[in-house]
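Everything quoted here is computed from the prediction, not taken from an experiment. Computation of the quantities below employed the complete heavy-atom set of this structure, encompassing side-chain atoms and omitting hydrogens, waters and symmetry-equivalent molecules.
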Amino acid sequence: MRNPPVSGHGAPVPLVAVAHGSRDERSAQAVEALFARVRRLRPDVDVRVAYLDHVSPSPAAALADLAGRGAGEVVVLPALLTAAFHSKTDLPAALAQVRADYPWLKVRYGDTLGPHPLLLDAVERRLAQAGAAAAPDTGLVLVSAGSSDPEANGVIASMADALAARAPWHSVVPAYASAAAPAPGRAVAALRDRGAARVAVAGYLLAPGFFADRVADQAFAEGAAAVSAPLGDAPELARVALQRYEEALRTAPVTVP
């Protein structure tokens with residue numbers, strides 16, 4: 001096995017995972033639990049968590065701290081399940097400012113956690129924990145937060161197709177908690193109208209909070225039999241995070257526009 005890439009001080013390159021952030025304390029707790037699992041898998045790596053909004057530290061503050069401690073290189077990983085506005089615009093803009101302030105710091109930018117086949121395993125894990133099982137008379141709704149980015153929403157539709165190919169569900173459809181249609185409740189009702197005796201709902205969400213609560217409320221109001229918990233610290237997510245970290249180490253550092 002090859003030796004891991006190292007920073008200027010001979011230690012593995014630090015990892016800064018950047019999550020969206022929420023006023024709901026459960027969200028940050030779930031993100032911290034996920035990256036605590038990552039630390040257990042790679043105790044040699046300095047793993048830190050930052051947030052785009054509502055929670056400290058910000059990405060700039062986390063990277064400034066590492067630069068101030070002498071780090072010469074860092075991997076920034078978007079702790080997001082799809083590539084959309086935050087990973088395509090918000091975070092790159094923050095990284096550009098960091099590169100301007102600390103031009104010696106090599107910043108490598110990783111891919112978002114999803115899509116990835118292991119996340120389908122995580123979705124199925126959470127469904128099983130919610131008591132939902134695939135069956136020809138049971139429909140499944142896969143719900144993401146939703147985005148104004150059609151490409152991001154298309155990823156969820158593709159994942160719904162992949163889940164349908166993995167198990168004998170009546171049918172699997174995508175839904176979105178915001179910004180796109182159908183909403184979770186409408187998707188549940190549509191499946192029941194199409195003959196599904198039961199409908200389960202899988203939340204393709206990283207953490208508890210506003211969207212997870214909205215999904216559960218709407219789904220149960222329309223007669224859903226089960227709603228799975230957010231993916232949170234599922235072991236599959238930790239494995240994906242480390243894979244994205246390793247992949248980022250092989251990319252070129254970001255540059256100031």
request  = Show your working on salt bridge (Lys or Arg N to Asp or Glu O under 4.0 Å) between Arg37 and Glu32 and close with a plain yes or no.
outcome  = CA-CA 9 Å; Arg37 185 182 288 276; Glu32 296 291 345; over 6 Å; no
Working for side chain to side chain donor-acceptor pair (under 3.5 Å), residues His116 and Gln243 = CA-CA 10 Å; His116 192 287; Gln243 181 177 326; 3.1 Å; yes
ask   = Minimum heavy-atom separation for Val188 to Gly223, with atom names?
value = CG1-C, 4.5 Å
task = First locate atom OG of Ser228, then atom CZ of Arg125, and finally report the distance between them rounded to the nearest 0.5 Å.
result = 12.5 Å
ask   = For the residue pair Ala67 and Leu105, what are the closest heavy atoms and their distance?
value = CB-CD2, 4.3 Å
note = The reported gap from CG in Leu206 to CG in Leu237 (rounded to nearest 0.5 angstrom) is 6.5 Å
inquiry  = Please determine whether side chain to side chain contact (heavy atoms under 4.5 Å, CB included) holds for the pair Tyr176 and Val143, giving the CA-CA distance in whole Å, both sets of side-chain angles, and the decisive distance to 0.1 Å.
reply    = CA-CA 5 Å; Tyr176 309 93; Val143 186; 5.8 Å; no
request  = Look at the side-chain heavy atoms of Ile, Leu, Val, Met, Phe, Trp and Tyr, link any pair under 4.5 Å apart, and say whether Val201 and Phe211 land in one connected group.
outcome  = yes
key: Whether Asp137 side chain and Ala197 backbone form a donor-acceptor pair below 3.5 Å   = no
ask   = Looking at Tyr109 and Pro78, what are the two nearest heavy atoms and their distance?
value = CE1-CG, 3.5 Å
ask   = Does a side-chain heavy-atom distance below 4.5 Å link Leu41 with Leu242?
value = yes
ask   = Would you say Ser178's side chain and Ala145's backbone share a donor-acceptor pair under 3.5 angstrom?
value = yes
task = State plainly whether one hydrophobic cluster holds both Leu81 and Phe35, where clusters connect Ile, Leu, Val, Met, Phe, Trp and Tyr through side-chain heavy atoms under 4.5 angstrom apart.
result = yes
task = Please report the shortest heavy-atom distance between Asp44 and Pro12, naming the atom on each side.
result = OD2-CG, 3.3 Å
request  = State, with a plain yes or no, whether a side-chain heavy atom of Leu205 is found less than 4.5 Å away from one of Leu231.
outcome  = no
Separation of Tyr51 OH from Ser56 OG (nearest 0.5 Å) = 10.0 Å
message = Using a 6.0 Å cut-off, check whether atom CZ of Arg198 has over 12 heavy atoms from anything other than its own residue.
response = yes
message = Please evaluate residues Leu80 and Leu113 with respect to the criterion side chain to side chain contact (heavy atoms under 4.5 Å, CB included), reporting the C-alpha separation (whole Å), side-chain torsions for both, the decisive distance (0.1 Å), and the verdict.
response = CA-CA 6 Å; Leu80 305 165; Leu113 297 176; over 6 Å; no
message = Please find the pair of heavy atoms, one from Asn153 and one from Ala180, that lie closest to each other, and give the distance.
response = ND2-CB, 3.5 Å
key: Under-4.0 Å salt bridge between Glu124 and Arg166   = yes
message = For Thr138 and Val199: C-alpha separation, side-chain torsions, deciding distance, then whether side chain to side chain contact (heavy atoms under 4.5 Å, CB included) applies.
response = CA-CA 5 Å; Thr138 303; Val199 177; over 6 Å; no
key: Check: Val75 main-chain N/O paired with Arg108 side-chain donor or acceptor under 3.5 Å   = no
query = Hey, is the main chain of Gly154 close enough, under 3.5 Å, to the side chain of Ser158 for a donor-acceptor pair?
reply = yes
ask   = Are the charged groups of Glu247 and Arg244 less than 4.0 angstrom apart, N to O?
value = yes
ask   = Just wondering, do Tyr245 and Val47 contact through their side chains at under 4.5 Å, heavy atoms?
value = no
inquiry  = I need the minimum non-hydrogen distance between Pro230 and Pro208, along with the two atoms involved.
reply    = CG-N, 3.6 Å
task = State yes or no: do Val240 and Val38 share one hydrophobic cluster built from I, L, V, M, F, W and Y residues joined by side-chain heavy-atom distances below 4.5 Å, directly or via other members?
result = yes
message = Is any side-chain heavy atom of Leu191 closer than 4.5 Å to one of Ser171?
response = yes
Asp233 and Arg126 ion-paired at < 4.0 Å = yes
inquiry  = Determine whether Leu52 and Val18 satisfy the following criterion, side chain to side chain contact (heavy atoms under 4.5 Å, CB included), listing intermediate values before the conclusion.
reply    = CA-CA 7 Å; Leu52 289 168; Val18 182; 3.8 Å; yes
request  = Find out whether Leu15 and Leu77 are in side-chain contact, i.e. whether some heavy atom of one side chain is under 4.5 Å from a heavy atom of the other.
outcome  = yes
key: From CD1 (Ile156) to OG (Ser144), nearest 0.5 Å   = 4.0 Å
inquiry  = Nearest 0.5 angstrom please: Asp121 CG to Arg239 CZ, how far?
reply    = 7.5 Å
key: pair Arg48-Pro57: side-chain heavy atoms closer than 4.5 Å   = no
Salt bridge present between Asp65 and Arg69 (N-O < 4.0 angstrom) = yes
message = Taking Arg26 first and then Asp213, would you say they form a salt bridge - that is, a charged N and a carboxylate O separated by under 4.0 Å?
response = yes
ask   = In terms of side-chain geometry, is the basic nitrogen of Arg39 or Asp46 positioned less than 4.0 Å from the acidic oxygen of its partner?
value = no
task = Would you confirm whether Tyr204, through its side chain, and Thr82, through its main-chain N or O, come within 3.5 Å as a donor-acceptor pair?
result = no
key: Cluster check Val155, Val141: I/L/V/M/F/W/Y, side chain < 4.5 angstrom   = no
request  = Evaluate whether atom CD of Glu25 has more than 12 neighbouring non-hydrogen atoms of other residues, nucleotides or ligands under 6.0 angstrom away.
outcome  = no
inquiry  = Taking Leu119 as the starting point, is it possible to reach Leu140 by hopping between hydrophobic residues whose side chains are less than 4.5 Å apart?
reply    = yes
